Number of protein chains: 2
Amino acid sequence: METLQYILDIDPNAREKVFKKGHVLQREGDINVSAFYVKKGLLRSYIIDSKGKEHIFIFAPEGWIIADVESIEFNKPVELFIDCLEDSEVVIFDKDCFFQTSLSKEAVHKNTQLLYKRLGVLQRRVLMLMSAPAIDRYTYFLKTYPELPNRIPQHMIATYLGITPQALSTIRKKMATVP
Amino acid sequence: METLQYILDIDPNAREKVFKKGHVLQREGDINVSAFYVKKGLLRSYIIDSKGKEHIFIFAPEGWIIADVESIEFNKPVELFIDCLEDSEVVIFDKDCFFQTSLSKEAVHKNTQLLYKRLGVLQRRVLMLMSAPAIDRYTYFLKTYPELPNRIPQHMIATYLGITPQALSTIRKKMATVP
DNA sequence: ATCGTTAATTAATCTAGATGAATGCATCAC
DNA sequence: GTGATGCATTCATCTAGATTAATTAACGAT
């Protein structure tokens, strides 16, 4: 089942919108929590810490769903910013629609599959952050998201990896000289 | 709906077993992948990295489900070890049962809820690992799992936080002198 | 063209936390 | 008792990556 069809299926209020690069769909402190399906373009979610530094949680290219699950699940105010890294077509839908009781079997299956996949990705991310040095995390990133480096600036890759742009630059230099 | 009842509901083959402290339920490289519901006791999942160091992914006290979701979802061989930190009563069930099409609406709702909650927890974990210093991660750990420090040795808390036991010891000393 | 802005690189210095080693203290087996 | 084992602590040293700052290049707007 195609993800977009599934979303339109389960949320009759889902609406499609087009946003310009740079548009912020959700900011820290918001209370009206939605989830976003990326039909076209590229979104990201990130926090800004107490020192004003950005930390990117995930990138969401075409076909991905992006949302602040923690705030949805634990009813906290939104902590993640979500914005567009490219002009994007986005389907906005309600956080609660996953919990509808009237879903088709197919929709349930799709939903479970999506959640599972995301869990698997996050598991890997935690393990990498805990156990692998920055260079390995970068290599894994390149392997897993080969198309992204052409679409986003390097300093964003750095804040996704949990290091500074300077550190990433040094790593890249090292990789170029000793391949 | 109570989680245990839900599991027995969806997997007729689910079986309950009792394990001694130290028993390993699953090890790296295993292909027969199960999920485990902790009825009583305490389990953990962890990896052992290339240098032989342990990194604990999650603790699972009573009421939690523990599994290697990445290996389940992407059909990889198991990478996470799962073992008992206390004598435990565990319900072993099949990874695929979440995808059954014959689930009751109630079971579907419960399932979605469990997955969402876990996603929220992992989101927080990633953000903390990326943006917060070790002392903040420790403080958050104490707040979130207040009962665990009485049940597990400190060096395990350290490997959960992503630091060495020595570093945790230093942090605790600092917290004791300047509270 | 020229000014401003944003990105990437390089280098000098600093620091949180790792590493390695030693010590003290329980607990358990015998 | 004594020895062995595991856990926490302390200290001295080391290092990956942070911080600060300067340089250069690329791009857009006027």
Side-chain angles (χ1 to χ4, degrees), chain A residues 20-24 42 44 46-56 59 83-87 127-142 148-178, chain B residues 20-22 42 44 46-56 59 83-87 127-142 148-178:
Chain A
K20 283 280 175 204
K21 175 176 173 173
H23 183 89
V24 179
L42 180 59
R44 65 164 173 166
Y46 60 100
I47 56 165
I48 298 182
D49 71 16
S50 52
K51 291 178 209 143
K53 275 185 56 179
E54 274 181 25
H55 304 270
I56 295 180
F59 296 108
D83 66 10
C84 297
L85 300 181
E86 299 173 356
D87 295 352
L127 292 175
M128 296 285 283
L129 283 169
M130 283 208 296
S131 69
I135 188 167
D136 293 356
R137 303 206 296 277
Y138 180 54
T139 304
Y140 177 78
F141 174 82
L142 292 179
L148 278 190
N150 309 318
R151 298 169 66 178
I152 56 180
Q154 260 157 51
H155 73 262
M156 286 192 183
I157 300 181
T159 71
Y160 173 85
L161 296 174
I163 58 177
T164 57
Q166 294 92 321
L168 180 54
S169 179
T170 309
I171 284 170
R172 283 166 52 82
K173 190 184 166 191
K174 201 171 299 173
M175 287 173 69
T177 54
V178 187
Chain B
K20 283 280 174 205
K21 174 176 176 173
L42 179 60
R44 65 165 174 167
Y46 61 101
I47 55 165
I48 298 182
D49 71 17
S50 51
K51 292 179 209 141
K53 274 185 58 180
E54 273 180 25
H55 304 272
I56 295 181
F59 296 108
D83 66 9
C84 298
L85 300 180
E86 299 174 355
D87 294 351
L127 292 175
M128 295 285 284
L129 283 169
M130 284 208 297
S131 69
I135 188 168
D136 293 356
R137 302 207 296 278
Y138 180 54
T139 305
Y140 178 76
F141 174 82
L142 291 179
L148 278 190
N150 309 319
R151 298 169 66 178
I152 56 180
Q154 260 158 50
H155 72 263
M156 288 194 182
I157 300 180
T159 73
Y160 174 85
L161 296 174
I163 58 176
T164 56
Q166 293 93 318
L168 179 55
S169 180
T170 309
I171 285 169
R172 283 166 52 80
K173 190 183 166 192
K174 202 171 296 172
M175 287 172 68
T177 53
V178 187

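Just so we're on the same page: letters track the sequence lines, and every chain starts at 1. Worth saying up front: this structure is predicted, and the values here are computed from it rather than measured.
- Between the OH atom in B/Tyr138 and the CD atom in B/Gln154 there is a gap of 6.0 Å [rounded to 0.5 Å].
- Note: B/Met130 CE to A/Ile56 CD1 = 8.0 Å, rounded to the nearest 0.5 Å.
- B/Leu85 CG to B/Ile152 CD1: the interatomic distance, rounded to the nearest 0.5 Å, is 7.0 Å.
- For A/Arg137, there are no side-chain hydrogen bond (donor to acceptor under 3.5 Å, both in side chains) partners at least two apart in sequence or on another chain.
- Axis angle, first five pairs versus last five pairs of the helix from C/dA1-D/dT30 to C/dC30-D/dG1: 30°, rounded to 10°.
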Can you give the donor-acceptor pairs under 3.5 Å from side chains of residues 155-170 of chain A to other protein atoms, not counting sequence neighbours?
residue  : atom : partner  : partner atom : Å
A/Thr159 : OG1  : A/Met156 : O            : 3.3
A/Thr164 : OG1  : A/Ala167 : N            : 3.2
A/Thr170 : OG1  : A/Gln166 : O            : 2.9

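- Residues from residues 46-55 of chain A with heavy atoms under 4.0 angstrom of DNA chain D, sorted by number: A/Lys53.
- Residue pairs meeting the salt bridge (charged side-chain N to carboxylate O under 4.0 Å, His left out) criterion with at least one partner in residues 158-168 of chain B, sequence neighbours excluded, are absent.
- Using modelled atom types, one finds a donor on one side chain and an acceptor on the other under 3.5 Å when comparing A/Asp49 with A/His55.
- The CD1 atom of B/Ile47 sits 10.5 Å away from atom NZ of B/Lys53, with the distance rounded to the nearest 0.5 Å.
- Distance CE (A/Met130) to P (C/dG17): 15 Å, rounded to an integer number of Å.
- Using a 4.0 Å cut-off on heavy atoms, the residues of residues 158-167 of chain B that approach DNA chain C are B/Gly162, B/Ile163, B/Thr164, B/Gln166, B/Ala167, listed by number.
- On the nucleic acid side, DNA chain D has its first and last nucleotide under 4.0 Å of a heavy atom of chain A at D/dG17 to D/dA21, going 5' to 3'.
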Polar atoms only, N or O, under 3.5 Å: list the protein pairs with nucleotides 12-14 of chain C and their distances.
none

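- Remark: A/Asp87 engages no residue in a side-chain hydrogen bond (donor to acceptor under 3.5 Å, both in side chains) (not counting sequence neighbours).
- In this structure, the side-chain contact (heavy atoms from CB on, under 4.5 Å) partners of A/Arg151, at least two apart in sequence or on a different chain, are A/Leu42, A/Pro61, A/Glu62, A/Glu86, A/Glu147.
- Atom CG in A/Leu85 sits about 15 Å away from atom C1' in C/dT6, given to the nearest Å.
- Taking all atoms of both residues into account, the shortest heavy-atom contact from B/Asp83 to B/Tyr46 is OD2-OH, 3.2 Å.
- In this structure A/Asp136 satisfies the side-chain hydrogen bond (donor to acceptor under 3.5 Å, both in side chains) test with no other residue, sequence neighbours excluded.
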